[in-house]
Visitor: 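Next up is a structure, given as structure tokens.
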Amino acid sequence: MRHENLFVVTGGSRGIGAAVARLAAKTYPVVIMYRENADAAHRLVHEIHAHGGQAWALQADVGDEASLLRALEQIDELGQMAVLVNNAGVTGGVSRLADLKAGNLSEVFRVNVVGAFVAAREAVKRMSTARGGKGGVIINISSGASVLGSPNTWIHYASSKGALDTMTIGLSKEVAREGVRVNAVRPGIIDTELHQQRTPEALERFASTIPMGRMGTADEVAESVVWLASPAASYVTGCLMDVRGGL
Ligand code: NAP
């Protein structure tokens, strides 16, 4: 059976991506992409099946074009991609810029920027009505870091998210008349494994600066992502949606 409305989440094995996949599976058949955590991805697939949803797990390193293209070919066999959530991301570790290793900088841009651009390029090829597609939605998971700059922690990571914001604005305009909406969600500090390199004290200190007084949850971010994907957001494109407790 061919599926006409596949919802594809990169980095769907854990954290925000897993929460997005879980929520989206109530409405769409979901493809969960992961880099190395096959067990977590397949556990989530089973969980979705147990709740009556449809899901598949596919391995791909989004920063490796050949690997990503192989996974997209497998998705094409399942059906038509209607939604792409560019969620896979890495931080490149905590360091001040003066101590930043060029290798860490390259890795962050390889995954967060090149990966998201190539995935968006392939999504547009498949979704654009100008290319025979039926339209669709691309959602980039950016970060509040793109606005805050993340001094003393990860300016490199914040800058990669700045690139995603700019891509969201430009691409949304480029494909606005081709049935494709492009938006970004910018989470603040969300309770996931992404922060495992920070000390609990540093995380607590940072969290105390949030006006709402707490970290966000992956489920709270997922609600915004799934809303942006839905027909309820049919006139929303080029939006950088902050989900960060006022930070
Ligand atoms: P996380 O818990 O560390 O999960 C990261 C996910 O990305 C995992 O599914 C991982 O797959 C996948 N991934 C990493 N590198 C990959 C690669 N090269 N190719 C394919 N998949 C890859 O992170 P998270 O907190 O959920 O973050 C998800 C997104 O939200 C990221 O883009 C992050 O920058 C953004 N964000 C997070 C926060 C926050 O506070 N947590 C705030 C703002 C923005 P494996 O499980 O297979 O390793």
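Nothing here was measured: the structure is a model prediction, and the numbers come from that model. No hydrogens, no waters, no symmetry mates; every other heavy atom, side chains included, goes into these values. Just so you know, ligand 1 is whichever comes first in the structure, and atom 1 is the first atom listed for that ligand.
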Visitor: So if I count the atoms of ligand 1 from 1 in the order they appear, which ones are less than 4.0 Å from some heavy atom of G15?
Guide: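 Result: 2 (O), 26 (O).
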
Visitor: Under 4.0 Å from any heavy atom of E193, which atoms of ligand 1 are there?
Guide: 2 (O)

Visitor: For ligand 1, is any non-hydrogen atom under 4.0 Å from R186's backbone (N, CA, C, O), its side chain (CB onward), both, or neither?
Guide: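 Answer for R186: neither.
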
Visitor: Considering only protein heavy atoms, which is closest to atom 38 (C) of ligand 1, and at what distance to one decimal place?
Guide: L194 CD2, 3.7 Å

Visitor: Is I141 linked to V236 within one hydrophobic cluster, defined over Ile, Leu, Val, Met, Phe, Trp and Tyr using a side-chain heavy-atom separation of less than 4.5 Å?
Guide: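 Yes, one cluster joins them.
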
Visitor: Any idea which part of V111 is under 4.0 Å from ligand 1, heavy-atom wise: side chain, backbone, both or neither?
Guide: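 The part of V111 near ligand 1 is the side chain, not the backbone.
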
Visitor: Can you figure out which of F206, W154, Y157 has its heavy atom closest to atom 36 (N) of ligand 1?
Guide: Y157

Visitor: Hey, is ligand 1 close enough to G63 that some N/O pair sits below 3.5 Å?
Guide: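 No, since none of the N or O atoms of G63 sits under 3.5 Å from an N or O of ligand 1.
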
Visitor: Is a side-chain donor-acceptor pair under 3.5 Å present for N112 with S160?
Guide: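 On atom types as modelled, these side chains qualify, holding a pair under 3.5 Å.
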
Visitor: Is the closest basic N to carboxylate O distance between R110 and E107 below 4.0 Å?
Guide: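 Judged by the 4.0 Å cut-off on N to carboxylate O distance, R110 and E107 do form a salt bridge.
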
Visitor: Do Y157 and L240 land in one hydrophobic cluster if side-chain heavy atoms of ILVMFWY residues count as linked below 4.5 Å?
Guide: no

Visitor: Between M81 and L84, is there a side-chain heavy-atom distance shorter than 4.5 Å?
Guide: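 A side-chain contact under 4.5 Å exists here.
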
Visitor: H195: heavy atom below 4.0 Å from ligand 1, yes or no?
Guide: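 So H195 counts as touching ligand 1.
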
Visitor: Within the 4.5 Å heavy-atom criterion, are R186 and S143 side-chain neighbours or not?
Guide: no

Visitor: Measure from atom 21 (N) of ligand 1 to every heavy atom in A88, A21, A19, A40 and give the option owning the shortest one.
Guide: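 Closest candidate by heavy-atom distance is A88.
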
Visitor: I'd like to check which ligand 1 atoms, numbered from 1 as shown, lie under 4.0 Å from a non-hydrogen atom of I189.
Guide: 40 (O)

Visitor: Just to be sure I'm reading this right: ignoring hydrogens, which of Q196, R14, R35 gets closest to atom 16 (C) of ligand 1? Compare them by their nearest heavy atoms.
Guide: R35

Visitor: Would you call the rings of H46 and H49 parallel, tilted or perpendicular, taking 30° and 60° as the class edges?
Guide: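 Perpendicular, since the angle between the ring planes exceeds 60°.
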
Visitor: Under 4.0 Å, heavy-atom basis, I'd like to know which part of S142 is in contact with ligand 1: side chain, backbone, both or neither.
Guide: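 S142 to ligand 1: backbone contact only, side chain stays beyond 4.0 Å.
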
Visitor: Are D191 and R214 close enough for a salt bridge, meaning some N to O gap below 4.0 Å?
Guide: no

Visitor: Using a 4.0 Å heavy-atom cut-off, say whether A18 meets ligand 1 through its side chain, its backbone, both or neither.
Guide: neither

Visitor: Would I16 count as a polar contact of ligand 1, with the cut-off being nitrogen or oxygen pairs under 3.5 Å?
Guide: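 Yes, since at least one N or O of I16 sits under 3.5 Å from an N or O of ligand 1.
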
Visitor: Any chance the side chains of N87 and T10 put a donor and an acceptor closer than 3.5 Å?
Guide: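 Their side chains do not contain a donor-acceptor pair, so the 3.5 Å distance test is not met.
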
Visitor: Below 4.0 angstrom from a heavy atom of V90, which ligand 1 atoms are there? Numbered from 1 as shown, please.
Guide: 14 (C), 15 (N)

Visitor: To which of G12, S67, S143 does the heavy atom nearest atom 43 (C) of ligand 1 belong?
Guide: S143

Visitor: Is there at least one pair of N or O atoms, one from P187 and one from ligand 1, spaced under 3.5 Å apart?
Guide: no

Visitor: State yes or no: do L72 and L78 share one hydrophobic cluster built from I, L, V, M, F, W and Y residues joined by side-chain heavy-atom distances below 4.5 Å, directly or via other members?
Guide: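 Both belong to a single hydrophobic cluster.
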
Visitor: Which bit of N37 gets closer than 4.0 Å to ligand 1, counting heavy atoms only: side chain, backbone, both or neither?
Guide: both

Visitor: Is ligand 1 less than 4.0 angstrom away from at least one heavy atom of G188?
Guide: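 It does; at least one heavy atom falls under 4.0 Å.
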
Visitor: Give a yes or no on whether the backbone of R244 and the side-chain of D242 come within a donor-acceptor separation of less than 3.5 Å.
Guide: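 Side chain of D242 to backbone of R244, a donor-acceptor pair under 3.5 Å: no, none is there.
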
Visitor: Could you check if a side-chain atom of T129 sits within less than 4.5 angstrom of a side-chain atom of K134, using non-hydrogen atoms only?
Guide: no

Visitor: Of all the heavy atoms in D61, does at least one lie under 4.0 Å from an atom in ligand 1?
Guide: yes

Visitor: Is there a nitrogen or oxygen of V62 sitting under 3.5 Å from a nitrogen or oxygen of ligand 1?
Guide: yes

Visitor: Could you tell me which atoms of ligand 1, counted from 1 in the order shown, lie closer than 4.0 angstrom to a heavy atom of S13?
Guide: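 Near S13, meaning under 4.0 Å from one of its heavy atoms, ligand 1 has 8 (C), 9 (O), 11 (O), 45 (P), 46 (O), 47 (O).
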
Visitor: Show the atoms of ligand 1 that are less than 4.0 angstrom away from any heavy atom in G11.
Guide: 6 (C), 7 (O), 9 (O), 12 (C)

Visitor: M241, V225: one ILVMFWY side-chain cluster at the under-4.5 Å cut-off?
Guide: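 Yes, M241 and V225 fall within the same hydrophobic cluster.
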
Visitor: Would you confirm whether Q80, through its side chain, and R2, through its main-chain N or O, come within 3.5 Å as a donor-acceptor pair?
Guide: no

Visitor: Relative to the heavy atoms of A60, which atoms of ligand 1 are at a distance of less than 4.0 Å?
Guide: 19 (N), 20 (C)

Visitor: Below 3.5 angstrom, do we get any N/O pair linking Y34 and ligand 1?
Guide: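 No: no nitrogen or oxygen of Y34 is under 3.5 Å from one in ligand 1.
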
Visitor: Please tell me whether V90 and L97 are part of a single hydrophobic cluster in this structure, the criterion being side-chain heavy atoms less than 4.5 Å apart.
Guide: no

Visitor: N5 side chain to A82 main-chain N or O, any donor-acceptor pair under 3.5 Å?
Guide: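 Answer holds: no.
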
Visitor: Can you check which of I141, T192, V225 brings a heavy atom nearest to atom 30 (O) of ligand 1?
Guide: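 Closest candidate by heavy-atom distance is I141.
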
Visitor: With heavy-atom distances below 4.0 Å as the criterion, list the atoms of ligand 1 near N87.
Guide: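 This gives 28 (C), 29 (C), 30 (O), 31 (C), 32 (O) as the contact atoms.
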
